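Shown next, in structure tokens, is the structure this report addresses.
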Amino acid sequence: MSATITVRLPDGSERSLPEGSTAGDLAAAIGSRLAKAAVIAEIDGVERDLVTPLADGQTVAIITDTADRGLYTIRHSTAHVLAQAVLDLFEGSTFGIGPPIQDGFYYDFQLANGGTFTPDDLERIDARMREIIAERQPFIRDDIPNERAREIFKDHPFKLEIIDGEADDPTSVTEPGFARTYENPPKFIDLCRGPHVPDTGNHLGHFKLMRVAGAYWRGDEKKPMLQRIYGTAWASKKELEEHLHRLEEAEKRDHRRLGRELDLFSFPDEIGSGLAVFHPKGGLVRRLMEDYSRREHEAGGYEFVYSPHITKAGLFETSGHLDWYADGMYPPMELDEGQAYYLKPMNCPFHCLIYKSQQRSYRDLPLRLFEFGTVYRYEKSGVVHGLTRARGFSQDDAHIFTTKEQMGEELASILRFVLDLLRGYGLDDFYLELSTKPEEKYVGSDADWDEATEVLRSVGEAAGLDLVLDPGGGAFYGPKISVQARDAIGRTWQMSTVQLDFQTPQRFELEYVGADNQRHQPIMIHRALFGSVERFFAVLLEHYAGAFPTWLAPVQARVLPVRDDHDAYAQSVVDQLKAAGYRADMVEATEPLGGRIRKAKMEKLPYVLVVGDDDVEATSVGVNERGSERPERGVPVQDFIGRLAAETAGR
RNA sequence: GCCCGAGUAGCUCAGUUGGUCAGAGCAGCCGCCUUGUAAGCGGCAGGCCGUCGGUUCGACUCCGACCUCGGGCUCCA
């Protein structure tokens, strides 16, 4: 009969403790700092509460508030405090699920008589949460029979669905016969598998309720809409403040805000939701983006085509769009005695017709058709979002027709091309996503899908980037690989997609004559690099926070004469820059230099050139480069032009 | 499409319980200033308070509908 137990720690060492010791006791035995930082423990590979008693021979790791799983637990426990506060303050309210998420947590509620939360309510809830935290209520875990759970949660229909296994709750277990609960005495109890912090006063409190939003129960738009409260929670006040600061910084680089501040584009109400106009500066940046893409495509063996914005319905019947995609299309216009015309949501059918315009030989393949094709999609009113989700936009759309034999090599070269081009715009942190057959909306045989998916998988794996699976995320006509790019502040954007399509060539009865003198069906590869030019514009704008690299900047250099008697020289500098092919302008000395420099800085121009007496004398400029600590003086104009040339080489 | 919130000058925002509340800063225009690296000074002009209805002696203010925007949910071929 031993009075001690021995457990193994992650570093392989062993430690003996009195019998009956908990994981929390172990942390305390190791050190007071660890005890303070401890949130939960991992016992024999399973995450458990710190109050869990240990048994002899177990392997125990203490998980602290700096670990992801510790933070996750803090957020999860904060969600429980939120639920308790709401149930406390709102008579007749009930609750759905409340998991931790990226940066925080949420909880879904339904208030009596279809009530909703107001901003004032959030303040009251916040205050009540802080009271609960001050009360240091323990989190007490229990397993109870389903019968008992149904009794406890009899007034909470969403919880009953979870107990009965009808609804999925990422934080609960649904196992036959029993329910796992966590109780915060004296009066709150929730279904939950845990683990949780030991008590509400432990690690909690560095949170902020962020917003209230509607969310369908079980994510189903046919089910009731619940009221979701989102919050953020962190292990310390400092981390909370840093997070809030990051949000502010992200807001500053919001493309909608920068688009207005830098006079790049706008969305006039008169035109309609989701339809943008590009102003001269935005138009210039966009044209530079497109020109670079055109040159690269030309070098990559693509041929440029154009197609109209509207077409008779028959084309989209053939392509299958009217069967599968009608919801996303603008309603038809009736022309010519009942003939229905549609705005095009995609360019592929047109490119198929170009393919079909003559008899094709295997010698013509791969045939790579490229178009900046403007499409219109009827996006639901709640989803339009600046340039990233618009109703009218231009795709940098290519369709490549290949033989089945060429397909693998062509896909591999497309992927290389795509990644190289994206790098050309300054994005260089990528991973790949493989999207497979949708559950319901798809055409074609399973064998075709499997084959196409496998080809994409092998090409993706060969690219040497991380490849993650997106089950069911493919287009209705084929699987796809998409390139996800991380931007300057770590957000990921879906960029290019490469889709393999066996179906459309069949629908359009596309053929080529092979070396064997037989007719064969080509494979079609859909490929967009920007996805949408507008969206890519927005991504770059946010990536660069409005400070476009010199080759894309609408104004590359602004010349500022110190006094008005330097105007003529300043103008001659502008002329020289323009003659050398650069974009420069000048602001006359009607206000002090400091003010003019400030304005140029706020426009995020790459270079501000100040010219005064010394420069007139020496035919030089003062160079104030964006981001540099101090300006340079006396740089010869030709030297500066040489710098621009070096910086923009290849663009 | 659904839930919540918001629309006041080109932009960012103030506007107390319905009645001197049509306001500020920046931007714009006109003067003055003549300037060496992130805001010189003065003046002028600028709004049917998103639109349409309603309540009221009286509506930026209260109510309704619609439009647009923002945050979510669903969706994103």
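So that the names make sense, note that chain A is the first sequence line, chain B the second, and so on, each numbered from 1. The figures that follow rest on heavy atoms only: side chains count, while hydrogens, waters and symmetry mates do not. The shown structure was predicted, so the numbers you read here are calculated from the model rather than taken from an experiment.
If you check every strand for non-hydrogen atoms under 4.0 Å, A/G622 touches a base. Looking at heavy-atom distances under 4.0 Å, A/P345 makes contact with a base. Among the atoms of the strands shown, none is found under 4.0 Å from any heavy atom of A/F267. Counting any heavy atom pair closer than 4.0 Å across all strands shown, A/G594 reaches sugar-phosphate atoms only and no base atom. Here A/Y230 lies in heavy-atom contact (under 4.0 Å) with sugar-phosphate atoms only. Residue A/R211 is in sugar-phosphate contact alone, with no base atom involved, counting any heavy-atom pair closer than 4.0 Å across all strands shown. Contact annotation for A/D269: backbone-only contact, meaning every heavy-atom pair under 4.0 Å involves sugar-phosphate atoms and none involves a base. Within 4.0 Å of A/F476, counting heavy atoms only, lie sugar-phosphate atoms of the nucleic acid but no base atom. Across all strands, A/D613 comes closer than 4.0 Å to base atoms (heavy-atom distances). A/A213 comes within 4.0 angstrom of a base, heavy atoms only. Residue contacts for A/D615: at a heavy-atom cut-off of 4.0 Å it reaches a base atom on one of the strands shown. Using a 4.0 Å heavy-atom distance criterion, A/S381 is classed as a base contact. Residue A/R630 is out of contact with every strand shown, counting any heavy-atom pair closer than 4.0 Å. The residue A/Q499 sits close only to the backbone: its heavy atoms come under 4.0 Å of sugar-phosphate atoms, none of a base.
Taking atom C1' in both B/rU37 and B/rA45, one finds a spacing of 32 Å when rounded to whole Å. Separating the C1' atom of B/rC30 from that of B/rU12 is a span of 25 Å, rounded to the nearest Å. The same atom, C1', is picked in B/rG5 and in B/rG42; the two are 42 Å apart, to the nearest Å.
Scanning residues 270-277 of chain A for heavy-atom distances under 4.0 Å to RNA chain B yields A/S273, A/G274.
Computed from coordinates, the A/R389 CZ to B/rC69 P distance equals 14 Å when rounded to whole Å. Taking atom CG of A/D327 as the reference point, atom P of B/rC76 lies 10 Å away to the nearest angstrom. As a whole-Å value, the separation of A/Q227 CD from B/rG5 P is 9 Å. Put simply, CG on A/L387 is 14 Å from C1' on B/rC69, counting in whole angstrom units. Distance, A/E433 CD to B/rC76 C1': 13 Å, rounded to whole Å. In this structure, the CZ atom of A/R633 is 9 Å from the C1' atom of B/rU37, given to the nearest Å. Atom C1' of nucleotide B/rC26 and atom CE of A/M602 are separated by 8 Å, given to the nearest angstrom. At whole-Å resolution of the value, CZ in A/R596 and P in B/rG36 are 10 Å apart.
Taken together, the paired segments of RNA chain B that extend over three or more consecutive Watson-Crick or G-U pairs, each closer than 3.5 Å at both contacts, are B:1-7 with B:67-73, B:10-13 with B:23-26, B:28-32 with B:40-44, B:50-54 with B:62-66.
Of the inter-residue distances, the one linking A/N113 atom CG with A/E91 atom CD reads 11.0 Å to the nearest 0.5 angstrom.
Taking the six-membered ring where tryptophan is involved, the planes of A/Y355 and A/F401 are tilted, since the angle between them lies from 30° to 60°.
Considering only side-chain N and O atoms, A/R256 lies under 4.0 angstrom from the phosphate OP1 or OP2 of B/rG70. For B/rA27, one of the phosphate oxygens OP1 or OP2 lies less than 4.0 angstrom from a side-chain nitrogen or oxygen of A/K599.
A ring pair (Phe, Tyr, Trp, His ring centres under 6.0 Å) with A/H321 is found for one member of A/F316, A/Y342, A/Y477 and no other, namely A/F316. A/N624 pairs in a side-chain hydrogen bond (donor to acceptor under 3.5 Å, both in side chains) with only one of the listed residues (A/K601, A/E632, A/R558, A/R633), which is A/K601.
Judged by the 6.0 Å distance and 45° axis criteria, A/R75 is positioned over the aromatic ring of A/W234. The cationic atom of A/R124 (NZ for Lys, CZ for Arg) lies less than 6.0 Å from the six-membered ring centre of A/F90 and within 45° of the ring axis.
Taking every side-chain heavy atom of A/R228 into account, B/rC73 is the closest of B/rC73, B/rU34, B/rU37.
For B/rG1, its base sits under 3.5 Å from the side chain of A/Y216 at one donor and acceptor pair at least.
Ionic pairing of A/R253 and A/E249 is not present here: no N-O contact between side-chain nitrogen and carboxylate oxygen is shorter than 4.0 angstrom.
Aromatic rings from A/Y607 and A/F640 are positioned such that their centres are separated by under 6.0 Å. Residues A/F537 and A/F530 keep their aromatic ring centres 6.0 Å or farther apart. The distance between the ring centers of A/Y330 and A/Y378 falls below 6.0 angstrom.
At least one side-chain heavy atom of A/V305 sits less than 4.5 Å from a side-chain heavy atom of A/H351.
A donor-acceptor distance shorter than 3.5 angstrom exists from the side chain of A/K159 to the backbone of A/G96, with no hydrogens or angles considered.
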